[in-house]
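Beneath this line is the structure, given in structure tokens, with notes to follow.
Proteins come first, then strands; the chains are lettered A, B, ... in the order of their sequence lines, and each starts at number 1.
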Protein chains: 2
Amino acid sequence: MASLDERLEDALRASGRRSTTQRRLILEVLAEGSLHLDASELHARVRERDPSISLATVYRTLAVLKELGLVEEHRLGQDHGLYEAIHDEPHYHFTCLRCGKVIEFDTPLVELIEQELAEREGIGVTRTHLLVSGYCAECRAATH
Amino acid sequence: MASLDERLEDALRASGRRSTTQRRLILEVLAEGSLHLDASELHARVRERDPSISLATVYRTLAVLKELGLVEEHRLGQDHGLYEAIHDEPHYHFTCLRCGKVIEFDTPLVELIEQELAEREGIGVTRTHLLVSGYCAECRAATH
DNA sequence: TTACCTGCAAAGGGTTTGCACTTTG
DNA sequence: CAAAGTGCAAACCCTTTGCAGGTAA
């Protein structure tokens with residue numbers, strides 16, 4: 001697959017939008033940053049490289065990137081959005097109900113579930129989200 | 001399993017909380033309502049039977065009910081919470097991206113995924129959400 | 001040049017909270 | 001009664017938007 005940056009340029013052009021310093025920088029930070037950033041943390045990191053970028057631009061850019069399919073927004077039990085650049089492979093999440101830690105994982109069983117469901121219901125599957133909640137190893141230990 | 005109402009009484013007693021008209025009514029409405037209500041719609045329905053109940057109480061009660069494990073909050077791509085009384089069996093959702101239709105289903109494979117994950121990461125699983133998106137049979141036919 | 005984009009600050013909308021009053025146990 | 005719960009309204013926090021000035025194409 002093409003690099004995120006190339007995909008950004010292509011998608012912007014295709015949708016008649018402009019390539020700006022802010023949009024490139026925001027996607028760049030998102031792509032290299034830790035897996036799930038919220039808007040204000042993303043804003044803070046972006047500001048380390050360009051202090052003039054506003055939070056409003058971060059939100060507006062995130063909306064564009066989501067629309068272009070380059071970024072995905074999760075609300076994993078949180079009360080606010082977490083953003084993540086989309087990688088090649090689908091992946092699923094575990095979140096700790098106590099400390100909020102997120103563990104990503106993948107499993108072929110989801111595809112199996114999709115197949116069974118598609119066959120039984122005659123549907124076409126586009127995407128599947130799997131969210132497991134519970135307590136991580138540290139928090140389990142802490143509450144004993 | 002005991003009725004929701006009995007479970008409510010038990011859980012409230014066990015946690016040293018009081019049983020109030022508001023709490024009973026809110027859970028009752030939630031239990032009979034459509035699958036996913038947001039806080040203000042829930043408030044509206046509750047008010048049909050007791051107009052004096054405030055939105056603040058709805059939110060406070062929802063927090064209690066969640067803590068007691070009687071109600072579950074979803075944020076399936078929405079920007080605000082949707083609430084649902086927890087029934088006996090876990091169930092998963094398919095939603096049609098075109099018409100919004102929801103199909104509920106169940107599968108033992110989710111449990112398998114939970115076991116694998118718990119073993120590998122040392123976590124304790126409380127609950128798992130599975131959301132499949134795509135196009136239902138009718139909408140697939142309609143777009144051909 | 002001219003849309004599109006950005007920064008700023010103010011507005012929005014869902015959710016939470018301080019306070020005085022009410023109700024449960 | 002004492003403590004927990006409620007209603008009201010204001011506060012909160014994340015997110016969106018109007019506007020005037022900037023910038024890509």
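A side-chain N or O of B:S15 and one of B:R17 form a donor-acceptor pair less than 3.5 Å apart.
Between the CZ atom of A:R24 and the P atom of C:dC5 there is a distance of 13 Å, rounded to whole Å. Atom NE2 in A:H43 sits roughly 16 Å away from atom C1' in D:dC13 (whole-Å rounding). Distance B:Y83 OH to C:dG14 P: 12 Å, rounded to the nearest Å. Taking atom CG on A:D38 and atom P on D:dC14, their separation rounds to 8 Å, with Å as the unit. Atom pair B:E41:CD and C:dG14:P shows a separation of 13 Å (rounding to whole Å applied). The NE2 atom of B:H80 sits 17 Å away from the C1' atom of C:dT16 (whole-angstrom rounding).
Put simply, the side chain of B:R18 and the base of D:dA4 share a donor and an acceptor less than 3.5 Å apart.
Checking C:dT6, D:dA24, C:dC5 against every side-chain atom of A:T57, the shortest atom distance belongs to C:dT6. The B:R60 side chain lies nearest to C:dT17 when the options are C:dT17, D:dC14, C:dT15. Closest to the A:Y59 side chain, of the nucleotides C:dC5, D:dT15, D:dT6, is D:dT15. Residue A:A56 has its side chain nearest to C:dC8 when only D:dC8, C:dC8, D:dG7 are considered.
A donor-acceptor pair is defined here as one N or O able to donate and one able to accept, closer than 3.5 Å; such a pair exists between the side chain of B:R140 and the backbone of A:G122.
Checking B:R17 against B:E73, the closest nucleotide of DNA chain C that is more toward the 5' end is the one next to B:E73. Checking A:I53 against B:A39, the closest nucleotide of DNA chain C that is more toward the 5' end is the one next to A:I53.
A close approach under 4.0 Å does not occur between any side-chain nitrogen or oxygen of B:T21 and OP1 or OP2 of C:dT23. The side chain of A:R23 contributes an N or O atom lying less than 4.0 Å from OP1 or OP2 of C:dC5. An OP1 or OP2 oxygen of D:dT23 is reached within less than 4.0 angstrom by no side-chain nitrogen or oxygen of A:Q22.
Annotation: A:E111, atom CD; neighbour count of heavy atoms from other residues, nucleotides and ligands within 6.0 Å does not exceed 12.
A salt bridge does not link B:R24 with B:E28: none of the charged nitrogens is closer than 4.0 Å to a carboxylate oxygen.
Taking the six-membered ring where the residue is Trp, A:H91 and A:H74 present tilted rings, their angle falling between 30° and 60°.
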